[in-house]
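Take a look at the structure set out below.
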Amino acid sequence: MEHLSDKKFPVNSKDYNLYEEVGEGVSATVYRALCIPLNKIVAIKVLDLEKCNNDLDGIRREVLTMSLIDHPTVLRAHCSFTAGCSLWVVMPYMAGGSCLHIMKSAYPEGFEETIIATLLREVLKALVYLHAHGNIHRDVKAGNILIDSNGAVKLADFGVSACMFDTGDRQRSRNTFVGTPCWMAPEVMQQLHGYDFKADIWSFGITALELAHGHAPFSKYPPMKVLLMTLQNAPPGLDYERDKRFSKSFKEMVAMCLVKDPKKRPTSEKLLKHSFFKHARSTDYLARTILDGLAPLGDRFRMLKAKEADFLAQNKVMYGDKEHLSQQEYIRGISAWNFNLEDLKAQAALIQDDGVQNTEGQDMNSKSKNGYNEVVGFAPEPQSPESDKLSNAVPVQKDVLDDFQNIKDSLASFPISPLQALKGCFDVCEDDVNAISPNSKDVVQSDSDQQFQLQPAAREEDMEMKQDNGENLERSRSLSRCVIPGRQKFLSGSLIPENVLSPSRKANGDGDREYLQPKYQPERNYSGPLSYCHKKDTNVPTSVEDTSGGMVVQHKGRFKVTQADLSPKAAPANCSTNQVCGGSAIPSTSTVAVASILPSLQYILQQNAMQREQIIKLIKCLEQTSGHYHMEFADSCTRDLSQISSASAREKELQSQVISLQQSIGNLVEELQRQKIINSQLERQLNALHK
Ligand SMILES: Nc1ncnc2c1ncn2[C@@H]1O[C@H](COP(=O)(O)OP(=O)(O)OP(=O)(O)O)[C@@H](O)[C@H]1O
C-alpha cells in the first residue's frame with residue numbers, strides 16, 4: 001500500500017529520522033521527524049496496522065483524502081508508505097500542536113473571543129472546501145485543529161471522514177455511528193436517515209463551546225450519558241449570564257450551529273459570512289498570543305502525559321479496586337469503551353444530576369423547566385406524557401426515576417437501539433442487546449441492516465435497576481467484562497480534568513464542578529479517539545486473543561469485537577456461567593422471563609411495603625391502647641395480688657391447722673392403738689386369773 005502524493009518526499013523509512021513523540025491517538029503515534037534528503041522537519045503519524053486490521057478501508061481513505069487535499073487550512077499528507085507492520089503518513093509539522101493541547105497547557109478556561117473567531121474562521125474555511133468537494137469531516141474538534149509555528153491553522157484527521165458522493169457500501173458508512181460523542185450531532189447518533197455535511201456544523205458549534213470553556217459540553221459524563229443528553233436535552237449553548245465575556249454575535253453563531261434539526265443549520269459557506277467572524281484577526285495574531293512563550297510541542301506533550309500518568313496512578317492507589325479502574329479506563333476514551341448494558345446503567349446512575357452536574361447539564365434542565373431556552377431561544381424538548389405520568393405516580397422517588405426516565409425516553413427516541421447501533425462499532429455483548437430487545441416483534445429496519453425493539457418489560461427492568469440502584473449497582477459493577485482492555489494509550493486529547501492539570505483553575509461560573517465531582521469519577525471525556533465503523537469487513541481475518549474477561553475475536557477498526565458480538569446464538573450458552581461474555585448477571589434467555597416477572601415482583605414489593613406501613617400504624621395504635629390496658633391490668637393485678645396474698649395466708653393458717661389436726665388425729669390413733677393393745681393385754685390377764 002503506497003500513496004505518493006508529493007514526489008519530493010521519499011517513501012522509505014530510512015530517509016527519515018524520528019525524533020520525539022508529539023501526539024498519540026488510539027492506534028497512531030505522531031513524531032516530529034527529519035526528512036533527511038530534504039533536510040526538512042515533518043510530522044510522521046505511525047499507524048500500527050495490526051491494530052487496525054479491520055479498518056484498512058478507513059486508513060486508506062484517510063491517506064487518500066489527505067493526499068488529494070489542496071487547501072491551506074486542511075492538513076495535507078506529503079506521502080505515505082508502509083514500514084513493517086506500520087503505515088507512515090508524512091505531513092507538515094504543526095509546531096503549535098492541537099488547540100486542545102494548547103488549552104490543556106496554558107488556557108484551561110478556554111480562549112478569548114478574538115482568538116476563537118480567528119481559529120474558527122480558519123476551520124470554517126476548511127469545511128467550506130471539504131463540503132464543496134463532497135467530504136464530510138465527521139470529527140471536527142479542538143484536538144483536530146492544529147497550529148503551526150506561524151499561527152497557520154489546519155484541520156486534521158480524516159480517519160473518519162466520508163464522501164457525500166459515495167454510493168453503496170461507502171454511502172452506508174454514513175449510516176453508521178462514527179465520531180466522538182461530545183461533538184457528535186444528534187442525527188449521527190440516531191442513524192435515522194443517515195446524515196450529511198450538516199453534522200460537521202453541529203460539531204463545529206460544539207468545538208466553539210470547547211474553545212470558549214476549555215472543554216466540550218457534557219465532557220465530564222461517561223459516553224453513553226453524553227449520547228443520551230445530546231438526544232434528550234436542549235442543545236447546549238453560550239449562556240447570557242454565565243458567558244458574559246462573550247459577544248452576542250458569538251452566542252448567536254453558536255446557537256445557529258447547535259440546532260437539532262440539521263436542515264435548520266446553516267451551510268459552512270453561509271456561516272462564514274456571519275458577523276462573528278468579523279472579530280477574527282490574521283493568523284500571525286495566534287502566533288503572537290497563544291503560542292507565545294509555550295514550551296516546544298514535544299515537551300508539552302511529555303508534561304501532559306506525565307500528569308495524566310500521575311493522575312491515573314493516584315487514582316489507582318486511592319481507588320485500586322477493579323471496578324473503579326475499569327470505570328476510569330472506560331471514561332478515558334472511547335477506545336476502551338465497553339458497552340456493557342449493566343455498566344452503562346451503573347454509569348448513568350452514578351451521575352448525581354442534581355447538585356453535582358456540570359453547568360451545561362444544569363442549564364439545560366433549568367431551561368427546559370422554564371419552558372424557554374435562554375441561550376438560543378428554543379423551546380424545550382417536549383417531555384413525553386409517559387414521563388409525566390410516571391413522575392406523578394411516584395413523587396417520592398422522582399429524583400431516582402428522572403434519570404431512568406431520561407434514559408428510557410432517549411432510548412425510545414432512537415430509531416434503532418443505541419446499544420444495537422453501538423454494537424456495530426463498539427463492544428456490546430449480544431446479551432446486553434437482548435436485555436433491551438429480547439423479542440424483536442416491532443422491528444424497525446434501519447439502513448444499516450440492524451434491528452431492534454425496545455421491550456416494555458425490559459424498560460421495567462431498567463426501572464427496577466434504577467430504583468434499586470444500590471444493590472444492583474454493586475451487582476452490575478462487579479460483573480465480569482467482555483473485553484480485556486487493550487494497551488492503555490494516552491489519547492490525543494487529555495482525558496483528565498483540567499483542574500488536575502491546572503490546579504490554579506479558578507471558578508468562572510462552572511468552576512464549582514470540580515469540588516462537587518465524586519473523586520473516583522473523572523470529569524472529562526476529552527478528545528476521545530475516533531472510529532470508522534466499516535461493517536462490511538467482518539470477514540477480515542481475525543486476531544484471536546484469549547482473555548479472562550471474554551474472548552476478543554476481532555478488532556473492528558479501533559474497537560474490539562467479542563465472541564458474544566459475533567455469535568449471538570451462542571451467547572446464552574456462553575453466558576450461562578457469567579464468565580465468558582460477562583455481559584449480564586442473568587443469561588439472556590432468562591432475562592426475558594425475569595423482565596416479565598419483575599413488574600409483578602415490583603408490585604408485590606410495593607403492596608408489601610404498604611401493608612407493612614399499615615401494620616406499623618396498627619401496632620402503634622395497639623401500643624397506645626395497650627398502654628391503658630396495662631394500667632388497668634396493673635391496678636387489678638395489685639388488687640388481686642393483695643387479695644391473693646391475704647387468701648393464701650388464711651389458707652396457710654388453715655393448712656397448718658389441718659396439718660396439726662391431722663397430727664393430733666394421728667397421735668390419737670396411735671394412742672388408741674396403744675390403749676387397744678393394753679386393753680387386750682389386760683383382758684388376757686383377767687382371763688388368766690379367772691381360770
Ligand atoms: N502534523 C502534526 N503536527 C504536529 N502534531 C500533530 C500532527 N498531527 C497530529 N499531531 C498530534 O498528534 C495527535 C494525534 O494525532 P491524530 O489525531 O492524527 O491521531 P488519531 O489516532 O487520529 O487520534 P484521535 O483519534 O484522538 O483524533 C493530535 O491530536 C495532535 O496533537
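Source: prediction; values computed, not measured. Each ligand, and each atom within it, is numbered from 1 in the order the structure gives.
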Are any of the N/O atoms on [X], whether in the backbone or the side chain, positioned under 3.5 angstrom from an N/O atom of ligand 1?
| X | result |
| --- | --- |
| Y93 | no |
| M94 | yes |
| A28 | no |

Could you name the option among V30, L100, I44, I147 that has the heavy atom nearest to atom 10 (N) of ligand 1?
V30

By the definition side chain to side chain donor-acceptor pair (under 3.5 Å), identify the one residue from D200, D196, T267 that meets it with H131.
D200

Would you give me the side-chain donor-acceptor pairs under 3.5 Å for residues 117-128, sequence neighbours excluded?
{"from": "T118", "atom 1": "OG1", "to": "T114", "atom 2": "O", "distance (Å)": "2.6"}
{"from": "T118", "atom 1": "OG1", "to": "R281", "atom 2": "N", "distance (Å)": "3.0"}
{"from": "R121", "atom 1": "NH2", "to": "R281", "atom 2": "O", "distance (Å)": "2.7"}
{"from": "E122", "atom 1": "OE2", "to": "K125", "atom 2": "NZ", "distance (Å)": "3.1"}

Side chain T73, main chain V153, donor-acceptor under 3.5 Å:
no

Check: H215 main-chain N/O paired with H213 side-chain donor or acceptor under 3.5 Å
no

So is P92 touching ligand 1 or not, going by heavy atoms under 4.0 Å?
yes

Within-shell test, G143 vs ligand 1, heavy atom, strictly < 4.0 Å:
yes

Residue-level breakdown please: for K45 versus ligand 1, do any non-hydrogen atoms fall below 4.0 Å on the side chain, on the backbone, on both, or on neither?
side chain

Can you list the residues that meet the ring pair (Phe, Tyr, Trp, His ring centres under 6.0 Å) rule with F250, with sequence neighbours excluded?
F246, F276

